Amino acid sequence: MKRLLLVDDEQNVLHALVRTLRSCYRDQVAFETFTNPFEALKRCSLAEFDVVISDFRMLELTGVEFLAALQQVAPDTVRIMLTASTEFGTVSSAINEAGVFRFLSKPWDETSLRAALDASFEQREKLVHERDERSLLGVKR
């Protein structure tokens with residue numbers, strides 16, 4: 001089963017995401033949600049997730065700060081940014097600082113969300129495969 005972590009400081013956004021994702025994936029994906037990015041980081045240090053979707057604007061940390069920290073804790077977890085912003089600076093900083101794989105706009109539509117997640121789960125499989133190959137060869141990142 002795939003594991004997905006959702007982080008947004010607005011509980012109603014998390015509920016809407018989970019509703020949408022449950023209709024898309026049924027029992028194929030396990031979800032965990034956090035309104036506090038620090039708690040989410042703590043959880044990621046204890047459990048492995050395939051994909052993380054984070055809001056861009058949160059009170060405690062920006063999505064870029066959160067996903068950059070996540071990259072250090074869980075480098076093979078694929079990162080998606082959820083944002084209402086269309087500013088180039090937001091996009092470029094998320095890519096450069098946090099290695100964001102995909103962007104989702106608010107409000108999202110089910111088709112785009114599903115396509116982004118399917119691509120992210122495929123990317124996760126590639127990352128894990130590459131990590132396993134490096135491990136077998138004794139190569140460090």
Side-chain angles (χ1 to χ4, degrees), residues 1-137 139-141:
M1 180 174 283
K2 308 262 189 249
R3 293 178 46 91
L4 177 62
L5 182 77
L6 307 170
V7 184
D8 195 306
D9 60 353
E10 295 182 43
Q11 190 70 46
N12 60 337
V13 171
L14 291 172
H15 288 309
L17 268 173
V18 168
R19 267 193 315 274
T20 303
L21 292 167
R22 281 201 176 119
S23 73
C24 290
Y25 291 100
R26 308 250 186 283
D27 297 331
Q28 301 168 350
V29 177
F31 309 98
E32 289 189 39
T33 62
F34 286 88
T35 55
N36 182 311
F38 293 108
E39 292 297 318
L41 282 172
K42 186 187 301 183
R43 180 66 178 140
C44 288
S45 69
L46 301 173
E48 196 167 335
F49 292 90
D50 297 299
V51 177
V52 172
I53 298 176
S54 173
D55 185 26
F56 173 69
R57 294 195 190 281
M58 296 184 286
L59 295 176
E60 293 88 359
L61 291 174
T62 68
V64 173
E65 292 167 332
F66 167 72
L67 292 173
L70 177 70
Q71 189 174 26
Q72 299 303 310
V73 173
D76 296 328
T77 297
V78 177
R79 294 165 297 283
I80 296 176
M81 177 75 67
L82 181 63
T83 181
S85 175
T86 57
E87 294 177 21
F88 179 75
T90 300
V91 172
S92 66
S93 68
I95 292 169
N96 294 331
E97 296 173 33
V100 170
F101 180 69
R102 290 281 189 272
F103 287 87
L104 291 171
S105 60
K106 283 183 180 179
W108 61 86
D109 64 85
E110 188 172 319
T111 303
S112 298
L113 180 60
R114 177 77 189 240
L117 274 170
D118 287 346
S120 297
F121 288 134
E122 285 179 29
Q123 179 66 13
R124 167 63 178 186
E125 288 177 18
K126 289 177 189 174
L127 291 171
V128 169
H129 179 73
E130 290 170 4
R131 178 186 65 193
D132 293 346
E133 282 184 343
R134 283 191 310 272
S135 179
L136 287 173
L137 297 173
V139 177
K140 293 188 179 183
R141 216 175 231 220

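What you see is a predicted model; the values in this text were computed from it and never measured.
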How many angstroms lie between atom [atom1] of [X] and atom [atom2] of [Y], to the nearest 0.5 angstrom?
X    : Y    : atom1 : atom2 : answer
D55  : L61  : CG    : CG    : 12.0 Å
F49  : K2   : CZ    : NZ    : 15.0 Å
F34  : M58  : CZ    : CE    : 12.5 Å
R124 : K126 : CZ    : NZ    : 14.5 Å
L17  : R22  : CG    : CZ    : 11.5 Å
I53  : M81  : CD1   : CE    : 11.5 Å

Side-chain (E65) to main-chain (T62) donor-acceptor, under 3.5 angstrom: yes
- prompt: Taking the side chain from T20 and the backbone from A16, do they hold a donor-acceptor pair closer than 3.5 Å?
  reply: yes
D27, CG atom: more than 12 neighbouring heavy atoms under 6.0 Å: no
Can you find a heavy atom in the side chain of [X] that is under 4.5 Å from one in the side chain of [Y]?
X    : Y    : result
S120 : I80  : yes
V128 : D50  : no
Q28  : M1   : no
V13  : W108 : yes
L117 : L21  : yes
R19  : H15  : yes
D132 : L136 : no
T35  : E10  : no

Looking only at heavy atoms, what is the nearest atom pair of [X] and [Y], with distance?
X    : Y    : result
G63  : S54  : CA-OG, 3.8 Å
S112 : L104 : O-CD2, 3.9 Å
A98  : R79  : O-NE, 2.7 Å
P37  : E60  : CD-OE1, 3.4 Å

- prompt: Going through the checks in order, is the side chain to side chain contact (heavy atoms under 4.5 Å, CB included) test met by C24 and E110?
  reply: CA-CA 8 Å; C24 290; E110 188 172 319; 3.3 Å; yes
Whether [Y] and [X] form a salt bridge (side-chain N of Lys/Arg under 4.0 Å from carboxylate O of Asp/Glu) is what I want to check.
X    : Y    : result
D109 : R114 : no
D9   : R57  : no
E48  : R3   : no

query: Would you say the side chains of H129 and E133 form a donor-acceptor pair under 3.5 Å?
result: yes
task: Please test F56 against L67 for side chain to side chain contact (heavy atoms under 4.5 Å, CB included), starting from the C-alpha separation and ending with a verdict.
output: CA-CA 9 Å; F56 173 69; L67 292 173; over 6 Å; no
- request: Carefully, step by step, assess V78 and V52 under the rule side chain to side chain contact (heavy atoms under 4.5 Å, CB included).
  value: CA-CA 6 Å; V78 177; V52 172; over 6 Å; no
message: The criterion is ring pair (Phe, Tyr, Trp, His ring centres under 6.0 Å); which residues satisfy it with F101, sequence neighbours excluded?
response: none
message: I need the single residue from L4, V29, T77, L5 that forms a side chain to side chain contact (heavy atoms under 4.5 Å, CB included) with V51. Which is it?
response: L4
message: Quick check on side chain to side chain contact (heavy atoms under 4.5 Å, CB included): which of D8, L6, V7 does L82 satisfy it with?
response: D8
